[in-house]
Amino acid sequence: MTDRLRVLGLISGATGIIALFIPFTAGISPLDGIVSGLEVESDGLFIFSISAPSLLAIPIAAWQLRRIWFPDPEKLEVLLAYLFSTVSMLPVLMASSRAIAEMELRADLLGVCAVVVYWLAVIANIGLFVRNRIRGRPPGTTVEVFLLLGYVPNALFALIVFSYWGIVFGPHWMWDTGAYVVSATCIMYTAQAFWLLRRNGAVMG
């Protein structure tokens, strides 16, 4: 791992953890959302589905630290990385599938955009994973890219859903500080994934 990748990994790992504790929208942090999702009965599933995947930042940060001193991950670490990334993409997948089946998004353009972007990001991550496996890319690189990009779909969904709000007082911007931190984290995770692939010749190869 190059020095630039180490620095980028440490910074992105830190921002992902920080984002868990600071308000994302309406003064609510992702951790607050997880607790609320477990306590609220009516919209609990939706709140939990959006908030819980942000916890993927924890194994990502652990992975970044581990890779500094031990470049080659163990089989158990690889399996756990695949598991955490996959599980993090499931909650919104299930919630959006349910919303589509029940036609709850038919009058919500913002919600439709969020779901479309989310699904495209999930498909892109899975497609890139399959491509890297077929081309025989290093297992450590393949799993790290899949882990990093597993954070992005749900984050984009939440960023879009909680951008504008205009039911009572007209449209206004809904992002708190945490949303900007999540945006920066997504950019850094994506940049790191691209850098890893480029270093291994997977982008153009």
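Given the structure is predicted, the values throughout are model-derived calculations rather than measurements.
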Verify whether the ring centers belonging to Trp175 and Tyr180 lie closer than 6.0 Å.
yes

For Met89, does its backbone N or O pair with a side-chain atom of Asn154 as donor and acceptor, under 3.5 Å?
no

Donor-acceptor contact below 3.5 Å, side chain Ser36 vs main chain Gly33:
no

Give a yes or no on whether the backbone of Thr141 and the side-chain of Glu144 come within a donor-acceptor separation of less than 3.5 Å.
no

Contacts of Arg133 meeting side chain to side chain donor-acceptor pair (under 3.5 Å) (sequence neighbours excluded), chain-then-number -> none

Between CD1 of Ile47 and CD1 of Ile34, what distance do you get to the nearest 0.5 Å?
11.5 Å

Minimum heavy-atom distance between Gly150 and Ser85, given as atom pair plus value
CA-OG, 3.3 Å

Spacing of CZ belonging to Arg6 relative to CD1 belonging to Ile11, to within rounding of 0.5 Å
14.0 Å

Arg131 CZ to Leu197 CG distance, which is reported to the nearest 0.5 Å:
8.0 Å

Measuring from atom CD1 of Ile60 to atom OG of Ser12, what distance do you get when rounded to the nearest 0.5 angstrom?
7.5 Å

Under 4.5 Å between any side-chain heavy atoms of Leu149 and Leu128, yes or no?
yes

Taking every heavy atom of Ala114 against every heavy atom of Val161, the minimum-distance pair comes out as CB-CG2, 3.6 Å

Could you grab the distance from atom CZ of Phe129 to atom CD1 of Ile134, nearest 0.5 Å is fine?
10.0 Å

Can you list everything that forms a ring-ring contact (aromatic ring centres under 6.0 Å, His included) with Phe157? Sequence neighbours excluded, please.
none

Hey, does the side chain of Thr142 reach the backbone of Pro138 with a donor-acceptor pair shorter than 3.5 angstrom?
yes

Hey, could you give me the CG/OG distance between Leu83 and Ser88, rounded to the nearest 0.5 Å?
9.5 Å

Taking C-beta and beyond as the side chain, do Val181 and Phe24 meet within less than 4.5 Å on heavy atoms?
no

